[in-house]
Amino acid sequence: MNRPLLFAALTSLLAAGCGAGLGTNARAGRPQDAAAKAAAQAERAAPERAKGEADAIAPAAEEAPPARAPGDYVAYRFSGSFRKTPLLLTQRVVAREGDVLVVDVTLEDGKETEALRVRMSDAPSRRGEILGAAWIDGGAERPATLAAYDAMMAKTALAADENEEVLGTEAVSVEVGGGAIACQKTSFRVRIGRTKATMRTLQSDDFAWGDVGGEITAEDGRVLYRAELIDRGHADARPSAPATAAGAEPGLAPRPATVARSEDEDEGDDYED
């Protein structure tokens, strides 16, 4: 399954299961440096772990048309008590070189903006693997390390200390960007420091960018962490104005996602703000 350029902490937690021990600083709401690095490295390594399964895919899969093309983009918003202000993460494909995508990754918090141009494998056996990175400064590129990419992604993650059990799964439909995405919603009982919480993830094998969303809610109802896909689509021209974490990027006109749910579900499970 393709993994996205985010949710590193969720990926590591699900892979490790009980006793993941990612060393979250629950009071500050931020992963410790070592934990953040481990989570991000696990995210980059996920495609390699899946290589054996991918190699068994029929040869026809190798000939399938590219799932992402220059101009394709997605925008995610990260919010919750894990940080003071929301983050807006935008990913846009700017070029395709065979099985390698060139993707501009921009992270904004309303005051500061970070922008990296990453080279990402789109080969079936290595899909999502980050091959290189460069800072984008005034339209020019300057060298960056994969550690810089890891640090950027760590800002979007809240790592749980322990995954206690799976509470259930269900099929849902997420409306975003003018179309529906068929997803699997999975709920987990987790622990962050001494705080007991419920984590919910939205994943789809049909979504080329990977995970669709995630949320961690404390027992008292506080939203500790929320990751939302707020827009997706294709735009040939880059927007002239930068995005803001609190609102919409003019060139993207984000449309918040809505989730089709079962009638007997509690309203507190809603992913919308």
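Heavy-atom basis, side chains included; hydrogens, waters and symmetry copies ignored.
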List the atom of [X], the atom of [Y], and the distance in Å for their closest heavy-atom pair.
X: A197; Y: L224; result: CB-CD1, 4.3 Å
X: S121; Y: A123; result: OG-N, 3.3 Å
X: P70; Y: H234; result: O-CE1, 2.8 Å

For [X], what residues pass the side chain to side chain contact (heavy atoms under 4.5 Å, CB included) criterion, not counting sequence neighbours?
X: E114; value: L107, W135, M152, K155
X: D220; value: A218, R222
X: I136; value: D104, A115, R117

ILVMFWY cluster, L87 and V118 together (side-chain gap under 4.5 Å):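 Same cluster.
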
Check against side-chain contact (heavy atoms from CB on, under 4.5 Å), R226 and T217: CA-CA 9 Å; R226 177 178 288 158; T217 307; 5.9 Å; no

Members sharing V100's hydrophobic cluster (side chains within less than 4.5 Å):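 Taking Ile, Leu, Val, Met, Phe, Trp and Tyr as members, V100 shares its hydrophobic cluster with L131.
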
Intermediate values then yes/no, side-chain contact (heavy atoms from CB on, under 4.5 Å), Y73 and D231: CA-CA 8 Å; Y73 67 83; D231 198 20; 3.3 Å; yes

side-chain contact (heavy atoms from CB on, under 4.5 Å) between Y76 and I230, intermediate numbers included: CA-CA 5 Å; Y76 293 88; I230 61 172; 6.0 Å; no

Option from V102, L101, D122 for which side-chain contact (heavy atoms from CB on, under 4.5 Å) with V93 holds: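 Result for side-chain contact (heavy atoms from CB on, under 4.5 Å) with V93: L101.
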
L89 side, atom CG; L229 side, atom CG - distance, nearest 0.5 Å: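 So the gap between those two atoms works out to 10.5 Å.
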
Non-neighbouring partners of D206 that pass side-chain hydrogen bond (donor to acceptor under 3.5 Å, both in side chains), sequence neighbours left out: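 Listed in chain order: nothing, the list is empty.
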
Pi-cation contact, W209 with R68 (under 6.0 Å, within 45°):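 That pair qualifies as a cation-pi contact.
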
Salt bridge flag under 4.0 Å for residues E215 and R200: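 Salt bridge flag = yes for R200 with E215.
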
With E112 via salt bridge (charged side-chain N to carboxylate O under 4.0 Å, His left out) - residues at least two apart: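 With sequence neighbours excluded, E112 shows a salt bridge (charged side-chain N to carboxylate O under 4.0 Å, His left out) to no residue whatsoever.
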
Test log, rule salt bridge (charged side-chain N to carboxylate O under 4.0 Å, His left out), inputs E164 and K196: CA-CA 10 Å; E164 297 181 341; K196 294 183 178 181; 5.7 Å; no

K111 backbone acceptor or donor facing D109 side chain under 3.5 Å: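 Looks like yes, one N/O pair under 3.5 Å.
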
L167 vs F188, side-chain contact (heavy atoms from CB on, under 4.5 Å): CA-CA, chis, key distance, verdict: CA-CA 5 Å; L167 300 177; F188 306 82; 5.7 Å; no

